[in-house]
Structure formats: structure tokens, C-alpha cells
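Scroll down for the structure; my scribbles are underneath it.
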Amino acid sequence: MRKITAMVIAFGCLALVTTSCKEKKSTGSQEESKSEMQQKVEEYAYFDLTADLSKLSESERKLLPIFFEIGQIMDDLFWEQTFGDETLLDTITDPWVKEFALINYGPWDRLDAEKPFVSGYGPRPATANYYPQDITRAEYDAFADPLKSSHYTILTRDENGNLKTVGYYEAYKEKLDRVCELLDQAIEITDNPSMKKYLVERKKSLQTNDYYPSDMAWMDLRNSNLDFVFGPIENYDDAFNSVKTSWEAFVLVKDVDASTKLAKFVQMLPQLQKELPCDPAHKNYVPGTSSDMNLYDVVFYGGDCNAGGKTIAINLPNDDRVQAKKGSRRFQLRNAMQAKFDKIMKPIGEMIIEPSEQSNLSFDAFFWNVTFHEVAHGLGVKQTINGKGSVDEAMQTENSSWEEAKADIIGLNLVCNLIEKGEISDITVEEAITTYIVGLLRSVRFGASEAHGIANMMCYNYMFENGAFTRNGNGTYHINYEKARKAMEGWIALILKTQATGDFAFASQYSKDHGTIGPDLQKDLNRINKAGIPRDIRFRQGLDVLGVK
Ligand SMILES: [Zn+2]
């Protein structure tokens with residue numbers, strides 16, 4: 001309804017203006033006629049989640065509808081956790097506001113510091129529904145129940161108003177019982193023993209609130225073209241303690257051939273670690289080669305991973321006991337990456353990079369950069385070399401942003417090295433670097449206030465200050481590939497030195513000085529935003545989109 005009204009107004013204005021300024025005015029009036037909410041919704045470009053299903057076995061095909069239904073329940077459960085008031089959507093009359101609430105799973109803008117956008121709502125409560133909204137830090141600290149810090153309990157109040165813990169199964173019993181019924185069907189259908197084992201264990205986890213055994217079983221999943229990541233997984237949504245896990249689901253179709261090619265790089269990790277351009281003392285960690293790396297197309301996103309900005313790579317499980325025993329599994333989500341490249345990266349690059357270098361912008365380069373960002377998290381240094389304990393602890397509040405900067409720049413360096421060694425042959429070093437710089441511009445639009453944003457800005461500024469790129473008079477970037485190559489080496493050495501020595505004082509001063517958006521970059525970002533280039537993606541998904549009945 002709103003959309004039609006807006007169009008009528010736009011055409012109405014057109015008729016009134018004089019010929020000479022018609023074009024200018026008409027553009028202006030169309031923009032003005034879009035509500036702020038419509039613009040915000042359209043900052044998420046639509047993308048259809050499809051995949052090549054030809055390799056799926058007959059039983060795998062039969063699992064798809066069951067996994068989709070469970071995924072939808074995970075989605076419903078996430079609403080309950082993060083917002084809860086199901087009547088919200090019915091009370092919203094503006095369809096754009098409603099659409100935006102669906103994208104954000106509630107009335108707070110996830111890509112804009114959780115600002116409320118539905119009238120009547122204040123700031124987002126840090127507790128969401130993981131804790132009572134009136135809980136205080138002192139009350140939480142004084143609460144003696146050891147289960148209070150479990151990933152799989154919520155805190156509520158008993159009849160006397162005292163805090164109590166409730167396990168996830170008990171808290172969400174009705175919906176989880178339905179999931180268990182569906183899992184029974186899937187267990188019956190699958191003819192893959194490792195999938196059967198995983199689903200059996202996952203069902204038990206849902207009922208016992210103990211996810212360790214099913215995470216272990218998931219690590220052993222073999223010879224399956226289909227994967228199903230679901231349950232309470234990440235803790236980002238718990239702004240009170242970063243402990244409570246959020247329900248989510250990914251249904252994934254594996255590209256077996258491409259995954260085999262990726263696997264060979266995991267075997268090369270110890271060698272790649274040795275070749276990092278830094279003081280040998282600052283790369284003392286010995287990376288494992290047991291972890292696998294796989295390429296998937298996602299066909300369903302539900303719950304936490306579908307809220308706001310979308311995940312394009314997964315590294316799970318989070319349980320470090322499982323990681324210590326079995327490593328972790330890395331998933332590169334190719335179709336979601338392709339969506340972000342086509343809808344966001346490419347238009348940004350075409351606007352920002354000087355025309356003669358635009359041919360160096362490529363999806364394959366984006367793919368390799370993201371893939372090796374994940375790999376790079378597993379390289380470098382984990383323990384400080386001067387008795388300050390783990391890097392994580394020593395770096396305190398600087399830890400996340402420096403770790404992200406490390407992964408980013410080492411990832412790029414690995415890609416360049418592997419191209420030079422002939423191991424990656426579908427792109428050039430110039431493509432890797434150009435696409436990387438455009439990628440920094442894409443990410444920094446999410447703001448420079450949190451870890452990834454600060455990391456991006458430190459990388460951007462280091463590259464700029466060391467001549468990796470310069471600005472032409474018209475605002476486009478000219479890249480100096482030789483200087484870029486040197487800059488990445490200098491930046492890696494500096495990051496690893498800071499981490500290895502746990503130098504928090506230096507890290508915090510450096511990120512203050514170099515982790516912010518300067519005036520020139522702000523102008524670039526304004527141009528990008530003004531051009532209406534999407535900030536993220538949202539999905540059309542379902543069995544019908546996938547072409548399955
Ligand atoms: Zn990362």
C-alpha cells in the first residue's frame with residue numbers, strides 16, 4: 001500500500017516541475033518520497049538461496065523438508081529469546097517498518113548500534129529474554145546457582161521474585177519436543193551412519209541441555225552432501241554477559257570437489273606459519289592439520305545467523321573441549337559470499353577504484369580472501385612470550401580487534417603467497433589486493449566502533465599510510481601493488497609483535513590513533529551510502545525457491 005502511494009506522489013511532482021530541471025527534480029522527489037524505513041529495508045538486497053542438488057542421494061533429498069521445518073522452529077525460538085513479544089508485528093501498520101522488524105528480529109536496528117525504530121520502544125535491554133529485564137549486576141553476582149553461567153539456561157524469577165535458572169529444554173519444551181519428533185523421522189530416513197549418529201546425539205542434547213556429545217558427533221560427520229548446523233550456538237546476542245547461546249539453523253549443501261581442493265591447504269598450514277613475515281619468536285604456535293575446510297551453498301538460514309548482517313563463513317563448534325580433541329570445521333558459504341560480492345562489493349569497487357584497475361575486482365579473490373581470513377585465525381601466536389599468559393588475556397579489551405586485524409592481513413598475505421607459489425591459480429596478486437581494499441570499505445560501513453570495525457580501520461589506515469593506495473583528484477583510488485605487498489608484511493610483523501608481547505598499552509594507544517574513520521574516507525563512505533548501494537543481504541528461501549516439492 002505504502003509503496004503505491006509513494007509512486008503516485010513521485011509522479012505527481014514530476015508533472016508540476018518545468019522541463020529544464022525535470023530530471024534533477026524527479027530524482028530528488030523520488031528519493032524524498034521513499035520513507036527512511038523503506039530505504040533501510042532496501043539496504044538489504046534480496047538473494048535467492050539455491051544450490052545444485054544433483055549430487056544429493058535419495059535419502060538426503062528426503063531430509064531436506066525435515067531440516068527446513070526444524071530450521072523454522074529454530075527461527076521461532078530465536079524470536080522468543082531475543083525479543084519475545086509476538087504481538088509486535090501485528091501492531092505495526094507501516095509495511096516497511098514491519099519488514100525492517102522482520103529483518104532485525106525485533107524493533108532495534110542491528111546494523112546501527114541497536115537503535116530502536118518502532119515507536120514506543122526505548123534502547124534494547126542488554127538482557128534480551130536471557131535474563132529478567134530488571135536484573136542488576138550485583139544481584140547476578142550474588143546469585144549462587146552455578147548454572148547461572150551455563151550456555152543453555154535462562155534466568156527468570158520464581159514466585160517470590162528470586163532468581164532461578166531454567167534449562168533451555170524446559171524453557172522451550174513445546175517447540176523442542178516437536179523438533180525431536182522431526183529428528184526421529186530424519187534418523188529413520190538417513191542411510192549415512194555418521195549423520196544418524198549426529199542426529200541421535202543432537203536430539204539427546206536438546207533434551208539434556210548438554211551439547212558436548214552431539215558436537216563431538218558432528219565433528220565425525222562424513223561422506224554427506226548435506227549438512228545441518230542447528231541448536232543454541234553463538235553468544236553474541238547476550239549483551240549482558242556474552243554467555244547465553246542463541247537458536248539458529250543452517251541447512252547446507254556441500255560442493256565435494258571444491259572442498260577436496262580446499263583440504264590441501266589445511267595440510268600446508270605449518271609451512272605457511274613458518275613463512276609469516278615476522279620475528280620467529282612471534283610465531284611460535286604450531287597449527288594443527290586435523291581441521292577441515294569445506295565449501296557449501298546455504299539453502300536455509302534461520303534464527304540468530306539470519307538476523308541483521310549475514311554470516312558468510314562458519315567455524316564451529318565453539319566448545320573448546322571439542323576443539324582440543326577434534327579441531328573444528330570451517331565452512332565457506334559460497335552462495336552467500338557471491339551475493340555480498342554481486343550486490344555490494346562490485347558496485348562499491350566500480351565507484352571507488354580507478355577505471356584502469358577495476359578489472360582486478362573479482363569474486364574469486366573475495367572468496368579466497370574470506371577463506372584465508374578464517375585460516376589465519378589459526379596461525380600466529382597464542383601465548384605471550386614474556387610470561388603474560390595467553391594473548392587473549394594479555395590483550396584485554398584490545399584482543400578482538402587485533403585478532404581480527406591479524407586474520408585479515410595474514411589472510412591476504414597467505415593468498416598472495418599461494419598465488420606466487422602457483423597453488424592458487426584462478427586469480428592474480430593484483431586481484432587479491434584490489435578486492436581486499438574494496439572489502440575494507442564494505443565492512444567499515446558497519447561502523448568503526450566494534451572489534452571488526454576497528455580492525456578494518458587499522459588495516460585500511462596502515463595500508464594507506466604505507467602507500468598501498470593513493471587518492472586521485474576525483475576521489476577514486478589508485479593502488480600501488482608493490483607498496484601494498486610491503487605494507488602487508490610490515491603490518492603483520494607489528495601485529496604479531498604486539499600480540500606476542502601482550503602489549504596492551506601500545507595496542508590501545510595504536511587503535512585510538514589508527515582505528516578511526518578519517519575525513520577523506522568518510523567522504524568516500526558518504527558517496528557509497530548516497531548511491532544506495534546495499535549494506536547487507538536478505539534471503540528468499542524455502543523448498544519452493546530451491547525447486548523441491
Ligand atoms: Zn575473523
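Indexing begins at 1, ligand by ligand and atom by atom, following the structure's order. Remember, it's a predicted structure, so these values are computed and weren't measured experimentally.
- Looking at His373 and the Zn ion (ligand 1) together, the shortest N, O or S contact belongs to NE2.
- Summary: OE1 is the N/O/S atom of Glu404 found nearest to the Zn ion (ligand 1).
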Under 3.5 Å, which donor-acceptor pairs link side chains of residues 246-253 to any protein atom two or more places apart or in another chain?
from: Ser246; atom 1: OG; to: Tyr130; atom 2: OH; distance (Å): 2.9
from: Glu248; atom 1: OE1; to: Cys305; atom 2: N; distance (Å): 3.1

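- When distances to the Zn ion (ligand 1) are checked against a cut-off of 2.8 Å, Glu374 contributes no N, O or S atom below that limit.
- Under 2.8 Å from the Zn ion (ligand 1) lies no N/O/S atom of His452, from backbone or side chain alike.
- Side-chain polar atoms of Gln338 and Asp342 form a donor-acceptor pair below 3.5 angstrom.
- In this view, Asn399 and Val391, Asp392, Met395 satisfy the side chain to side chain contact (heavy atoms under 4.5 Å, CB included) rule, not counting sequence neighbours.
- With values rounded to the nearest 0.5 angstrom, Ile495 atom CD1 is found 7.0 Å from Ile410 atom CD1.
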